[in-house]
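Worksheet for the structure shown next.
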Amino acid sequence: MTSAPAGFALGRFRRPAAGPAGTVGSASPGAYGDVFTGLVRGGRVRDVSALGSVSDLLTDWAASLARLGELAESDADTGADWTDLAGLDVRCPVAPAQILQCGANYRSHVVDIVMAERRADTSMTGHNSDLPASEVRAWAEAMMDERAAEGSPYVFAGLPGALTGPYDDIVLPARGTDHDWELELAAVIGAPARNLTRANALEHVAGYTICNDITTRSLVYRHDLKAIGTDWFAAKNAPTFLPTGPFLVPAAFAGDPANLRITLAHNGIKRQDESCADMLFDLPAILEYITAVTELRPGDLVLTGSPAGNGAHWGVFLAAGDVLEGEITGLGRQRNRCVREREKTQERPEERT
């Protein structure tokens, strides 16, 4: 499963369903009770649903954080409902109204994608295999250097319908090919945010979680609308394409978001291993840019981009039976198995999140 973070964290969980005569664990395999709000500390979870949902707690995050801190320290309270984390089903920890995603935010990642498109002759900018690799790489590096010096973050919207839990199956749809991984640091907003500055941006972050932004590479570009560019709606929003969690770790316990490390293994082989320090635009810059355009609200999710090491770089894409294991320093771990669409039984959206 996963180890609990330092300090305490927040999440959403389900207990195994009770069987006949109230016995636990004797119901049908995979049967669970209702989702509850849980406070995580030291490998145990305390039911704090009486305080509201995670979304409710985020609406007044300062007060909620103080109350959660009190509850986290009250281990001696004999009435406290503490449960072993290992015995629970861990759900997606947040239910955002808005998901904003920052793309092309790691220099080496973008250069790798450009080179992968050259090899596959799928470049929409004409940088295909008829051009020398050294020339294409130099162009990509110069483009990213220019962006860093004069550009701004590249942000697009995602859909909450893509969210799923940190240990759920990723369902690979029949539509499209070359399904890929992109592990990312995500910020959870804890206060209304409009026209932020670099100086105050992080004050509006409640905490952090892990997202794996699964992408169908064959659907990224619309060949019938070449002038339009990327189609992230089609490429990134299939159900289960955004495994999130396991926890919402308060910013006070997560450390500097610029110095966390992102690692991902595909079938046991490490594919991504990079520091968030390699971001082209750091989180304050991303939040400053987003809130100049729109208002962020408590509970909204902001993804900060994925480092180098995606499947497109390695020439390896996801297939049924593959396992992805992702981790970010201090935020926990994910583990997701890939299945073909027809292998997965129909489930309600609330069961995924």
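As a basis for the values below, the full set of heavy atoms in this structure was taken, side chains included, without hydrogen atoms, waters or symmetry mates. We count residues from 1, following the sequence as given. Everything numeric here is computed off the predicted structure, so don't read it as measured data.
Remark: Trp139 pairs with His127 by the ring pair (Phe, Tyr, Trp, His ring centres under 6.0 Å) rule, at least two apart or across chains.
Ring orientation note: the planes of Phe13 and Phe247 are tilted relative to one another, at an angle of 30° to 60°.
The side-chain contact (heavy atoms from CB on, under 4.5 Å) test with Phe36 is passed by exactly one of Thr83, Leu88, Val48: Leu88.
The minimum heavy-atom distance between Leu324 and His266, with the atom names listed, is CD2-CD2, 3.8 Å. Scanning both residues, Asp168 and Asn336, for their nearest heavy atoms gives O-ND2, 2.7 Å.
Within the cation-pi definition used here (under 6.0 Å to the ring centroid, within 45° of the axis), Arg271 does not qualify as a partner of Trp181.
Under a cut-off of 6.0 angstrom, the local environment of CG in Asp34 is sparse, with at most 12 non-hydrogen atoms contributed by other residues, nucleotides or ligands. For CZ of Arg15, the number of neighbouring non-hydrogen atoms (other residues, nucleotides, ligands) closer than 6.0 Å is greater than 12. Within 6.0 Å of CZ in Phe233 there are 12 or fewer heavy atoms belonging to other residues, nucleotides or ligands.
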(request) Evaluate ring-ring contact (aromatic ring centres under 6.0 Å, His included) for Tyr289 paired with Phe281, printing each intermediate quantity in order. (result) CA-CA 10 Å; Tyr289 175 80; Phe281 301 100; 8.4 Å; no
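Sorted by first and then second residue, the salt bridge (charged side-chain N to carboxylate O under 4.0 Å, His left out) pairs involving residues 191-202 (not counting sequence neighbours) are Arg198-Asp282. Applying the salt bridge (charged side-chain N to carboxylate O under 4.0 Å, His left out) test to every pair with at least one member in residues 136-161, sequence neighbours left out, gives these pairs: Arg107-Asp145.
Distance alone, capped at 3.5 Å, is enough to place a donor-acceptor pair between the Asn212 side chain and the Glu182 backbone. No donor-acceptor distance shorter than 3.5 angstrom exists from the side chain of Glu327 to the backbone of Ile262, with no hydrogens or angles considered.
One finds the CH2 atom of Trp232 at 11.0 Å from the CG atom of Asn237 (value rounded to the nearest 0.5 Å). Here the OG atom belonging to Ser74 is positioned 8.5 Å from the CG atom belonging to Leu39, to the nearest 0.5 angstrom.
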